[in-house]
Protein chains: 2
Amino acid sequence: MNNKVDVDQLIASQLQTVGQRYTNNRRRLISILLRSSKPLSINQILDMDPELAQSSAYRNLTVLEEAGSIARIVTSADHARYELAEEILEHHHHIICSPCGEILDFRLSDNIEEALESSLQEIADQLGFTLDTHRLDLIGTCTLCKDNS
Amino acid sequence: MNNKVDVDQLIASQLQTVGQRYTNNRRRLISILLRSSKPLSINQILDMDPELAQSSAYRNLTVLEEAGSIARIVTSADHARYELAEEILEHHHHIICSPCGEILDFRLSDNIEEALESSLQEIADQLGFTLDTHRLDLIGTCTLCKDNS
DNA sequence: TGCAATAATGAGAACCGTTCTCATTCTTAA
DNA sequence: TTAAGAATGAGAACGGTTCTCATTATTGCA
């Protein structure tokens, strides 16, 4: 799923399913997210492609999120961040630097992830919830911010 | 730590540490959170005590958060939610209904929690992060929202 | 107790990330 | 080629939260 052609095809079909086109602007957003190894804020996205209009970027990020192609990550930082959906990036978690808002991805070992997931499913069943997904975030301070304090 | 007197003493000292007073308005906020079994939005808090002014409530929730007495939970729902800090409630996680934004607390079994934590510490070390805490959220749909759809 | 000095309060204004509006441009399908 | 519908982008509007500032309450000190 790290082949650009496959990703494009998947996103095209995801968009089609919700009655949306895979337009040039949406391709540019996907291309930026594909090139990044971490979730990006709207400003980081606009900096990487100054031709993008802010309002269109927001609208298209919302469309892509509704199509299930990207995920919006909301933290207490001022801006939301966006990354490709787990269907593309594979299931993973986030480590968040609270001083600067920077987010990195990480994965748990398979056995921990599996033990966790079956435990979570059990809990959701008990509470009568239908589970869509889970998210696990580490909150701390990155090396850079530690040095600057 | 579910004894109201102990909680009050802890919070008084937490506030004192950051140079803040345990005023009447702050006591009222804590009292509301103590009476709730789940995180509350600002509107739920104001509904439970209509004497509270919105601007003061926001300010005092921020003060209490800075003192480490309460935690603010930010999700993609429109309002943030607040609950007593883990020092008071004990470590726990959240199950979030994405249609309605409602949040319930839950706890993992000790052995899963411990395995998870040591795994997370290892990851943070590898990435050069100093870890403050972690959060684990289940995202899904509660019984009520399921029935109404 | 009385009296500054300082902190907290609350009504409303301001802020700012995000969403909406609408006139224009682009795509699509026949 | 053209008409209908979708996407675009500049700027206005929205709304949750934070800030301002005049007023009120509290504290420390004589």
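Labels below follow one simple rule: chain letters A, B, ... track the order of the sequence lines, proteins then strands, and each chain is numbered from 1.
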Undergrad: Test your reading of the model: is there a side-chain donor-acceptor pair from R81(A) to the backbone of G101(A), 3.5 Å cut-off?
TA: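 A pair under 3.5 Å: yes.
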
Undergrad: How many Å lie between OH on Y22(B) and P on dT26(D), as a whole number?
TA: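 Going from OH in Y22(B) over to P in dT26(D) covers 16 Å.
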
Undergrad: Describe, as an angle rounded to 10 degrees, how the axis at the first end of the helix from dT1(C)-dA30(D) to dA30(C)-dT1(D) is tilted relative to the axis at the last end, five pairs per end.
TA: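 So the angle between the two local helix axes works out to 30°.
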
Undergrad: Considering just the side-chain nitrogens and oxygens of R28(A), establish if one lies under 4.0 Å of OP1 or OP2 belonging to dA7(D).
TA: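 For dA7(D), OP1/OP2 do not have a side-chain N/O of R28(A) under 4.0 Å.
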
Undergrad: Rounded to whole angstrom units, what separation is found between the CG atom of L64(B) and the P atom of dT17(D)?
TA: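 The distance from CG of L64(B) to P of dT17(D) comes to 16 Å, rounded to the nearest Å.
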
Undergrad: Roughly how far apart are I88(A) CD1 and L34(A) CG, rounded to 0.5 Å?
TA: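 Here the rounded value is 7.0 Å.
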
Undergrad: So which protein N/O to nucleotides 3-13 of chain C N/O distances come out below 3.5 Å?
TA:
from, atom 1, to, atom 2, distance (Å)
dA7(C), O4', R21(B), NH2, 3.2
dA8(C), OP1, Q20(B), OE1, 3.0
dA8(C), OP1, R26(B), NH1, 3.3
dT9(C), OP1, T23(B), OG1, 2.9
dT9(C), OP1, N25(B), ND2, 3.3
dT9(C), OP2, N60(B), OD1, 3.1
dT9(C), OP2, N60(B), ND2, 3.1
dG10(C), OP2, N25(B), ND2, 2.8
dG10(C), OP2, S56(B), OG, 3.1
dG10(C), N7, S56(B), OG, 3.4
dG10(C), N7, R59(B), NH2, 2.6
dG10(C), O6, R59(B), NH2, 3.1
dA11(C), N7, S55(B), OG, 2.9
dA11(C), N6, S55(B), OG, 3.2

Undergrad: State, with a plain yes or no, whether a side-chain heavy atom of I95(A) is found less than 4.5 Å away from one of D105(A).
TA: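 I95(A) vs D105(A): side chains apart.
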
Undergrad: Could you tell me whether the side chains of R35(A) and S31(A) share a donor-acceptor contact shorter than 3.5 Å?
TA: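 Present: a donor and an acceptor within the cut-off.
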
Undergrad: Pairs under 3.5 angstrom, nitrogen or oxygen only, protein versus nucleotides 13-16 of chain D, please.
TA:
from, atom 1, to, atom 2, distance (Å)
dG16(D), O5', H79(B), NE2, 3.4

Undergrad: To the nearest angstrom, how far is Q16(A) atom CD from dT28(C) atom P?
TA: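 The distance from CD of Q16(A) to P of dT28(C) comes to 12 Å, rounded to the nearest Å.
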
Undergrad: Among T23(B), N60(B), D49(B), which one satisfies side-chain hydrogen bond (donor to acceptor under 3.5 Å, both in side chains) with R28(B)?
TA: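 Result for side-chain hydrogen bond (donor to acceptor under 3.5 Å, both in side chains) with R28(B): D49(B).
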
Undergrad: Under 3.5 Å, is there a donor-acceptor pair between the Q20(A) and E66(A) side chains?
TA: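 No donor-acceptor contact under 3.5 Å links the two side chains.
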
Undergrad: Parallel, tilted or perpendicular: which describes the rings of H134(A) and H91(A), with under 30° parallel and over 60° perpendicular?
TA: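 It falls in the perpendicular class, over 60°.
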
Undergrad: Name the residue from E113(A), R135(A), R107(A) that meets the side-chain hydrogen bond (donor to acceptor under 3.5 Å, both in side chains) definition with H93(A).
TA: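 Running side-chain hydrogen bond (donor to acceptor under 3.5 Å, both in side chains) over E113(A), R135(A), R107(A) with H93(A) returns exactly one hit, E113(A).
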
Undergrad: Flag the pair K38(B) and E83(B) as a salt bridge only when some basic side-chain nitrogen lies within less than 4.0 angstrom of an acidic carboxylate oxygen.
TA: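 A salt bridge is absent here (no side-chain N lies under 4.0 Å from a carboxylate O).
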
Undergrad: With a 4.5 Å cut-off on side-chain heavy atoms, are L138(A) and T133(B) touching?
TA: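 They are not in side-chain contact.
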
